[in-house]
Amino acid sequence: MTTQQTYNAILNWLARAQAEPRHASREWAERGTALLPLGTRFNAVCMSAPLVHASVETANLRNVSAALAELLDGPVIRDGAQRTYQALVEPYPPAQWAYGGFAPMRGAGHFLSIPAANRTEPTGLHWAVPPRTVGGLCSASAVAVLVDLGRKRLGSLR
């Protein structure tokens with residue numbers, strides 16, 4: 001399978017979070033982002049840039065992306081305007097997520113803007129860590145370790 005075929009398969013999997021997957025494909029083609037519902041195929045953990053940067057001990061965006069790829073082994077979206085990172089995780093009951101005060105988990109009833117596969121440059125909404133496989137997500141436990149580490153490091157700076 002070529003890289004483009006892999007990206008297409010991944011985007012098709014993500015698009016099926018919507019009742020009408022072709023709508024997501026149109027949004028990616030027209031706007032470069034698609035608004036997808038959370039809670040069925042995946043949830044998202046919203047982490048502030050300062051929390052993530054403290055966790056990986058750098059604010060250099062390329063180094064942050066490399067560290068997140070290694071630590072989380074799953075897709076992460078960066079929103080430069082909002083200064084947030086969204087780790088896509090398996091559906092998990094947000095009420096059981098122990099780090100909601102530092103990094104809220106969004107699930108059913110929430111939506112997330114998902115960038116097109118080619119949006120990987122560090123401007124605007126883009127993939128800090130692009131998805132690599134169909135159905136490949138970050139594990140909630142790996143994200144919890146990252147959030148806890150960042151929280152401790154930020155606490156020690158005060």
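The first residue in the sequence is number 1, and the count goes up from there.
Salt bridge absent: R26 and E30 never bring a charged side-chain N and a carboxylate O closer than 4.0 Å.
Under the 4.5 Å side-chain contact rule for hydrophobic residues, V45 and L38 do not share a cluster. Linking ILVMFWY side-chain heavy atoms closer than 4.5 Å, directly or via other members, places Y7 and V76 in two distinct hydrophobic clusters. Residues L149 and L154 are members of separate hydrophobic clusters, defined by side-chain heavy-atom contacts under 4.5 angstrom among Ile, Leu, Val, Met, Phe, Trp and Tyr. With hydrophobic clusters built from ILVMFWY side chains whose heavy atoms lie under 4.5 angstrom apart, L68 does not share a cluster with I10.
Under the side chain to side chain donor-acceptor pair (under 3.5 Å) criterion, E20 pairs with R22, sequence neighbours left out. Partners of N63 by side chain to side chain contact (heavy atoms under 4.5 Å, CB included), not counting sequence neighbours, listed by chain and number: T58, N60. Applying the ring pair (Phe, Tyr, Trp, His ring centres under 6.0 Å) criterion to W97, with sequence neighbours excluded, gives Y99.
With rounding to the nearest 0.5 Å, the separation of SG in C46 from CD in Q82 is 8.5 Å. Within the model, atoms CH2 of W127 and OG of S65 stand 12.0 Å from one another, a figure rounded to the nearest 0.5 Å. The structure places OG of S139 at 7.5 Å from CG of L72, a figure rounded to the nearest 0.5 Å.
R41 and L137 make their closest contact through O-CD1, 3.7 Å (heavy atoms, listed as atom of the first residue, atom of the second, distance). Listed here is the closest heavy atom pair of I77 and S113: CD1-O, 3.9 Å. Looking at every heavy atom in both residues, V143 comes nearest to C138 through CG2-CB, 3.9 Å. The shortest non-hydrogen separation linking P37 to A17 is CG-O, 3.1 Å. T120 approaches A117 most closely through the heavy-atom pair CG2-O, 3.7 Å. Across all non-hydrogen atoms, the minimal contact from A24 to L36 is CB-CD2, 3.8 Å.
The closest side-chain heavy-atom distance from S25 to L11 is not below 4.5 Å. Proximity of V129 to P75: side-chain heavy atoms (C-beta onward) are nowhere separated by under 4.5 Å. Within the 4.5 Å cutoff, the side chain of R132 has heavy atoms near those of the D73 side chain. Side-chain atoms of L112 and I114, non-hydrogen and from C-beta on, do get closer than 4.5 Å to each other.
Panel note: side chain H126, backbone G124; a donor-acceptor pair is recorded below 3.5 Å. No donor-acceptor pair under 3.5 Å is formed between the side chain of R78 and the backbone N or O of A128. Between the side chain of D148 and the backbone N or O of A144 there is no donor-acceptor pair closer than 3.5 Å. Proximity of a side-chain donor or acceptor of W28 to a complementary backbone N or O of H23 within less than 3.5 Å is not detected.
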Output side-chain donor-acceptor pairs under 3.5 Å for residues 83-93, partner residues at least two apart or in another chain, one line each.
| from | atom 1 | to | atom 2 | distance (Å) |
| --- | --- | --- | --- | --- |
| Y85 | OH | H53 | NE2 | 3.1 |
| E90 | OE2 | A140 | N | 3.2 |

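Using a 4.5 Å cut-off between side-chain heavy atoms of Ile, Leu, Val, Met, Phe, Trp and Tyr, F111 falls into a hydrophobic cluster with L35.
Residue pairs meeting the salt bridge (Lys or Arg N to Asp or Glu O under 4.0 Å) criterion with at least one partner in residues 106-131, sequence neighbours excluded, are R62-E121.
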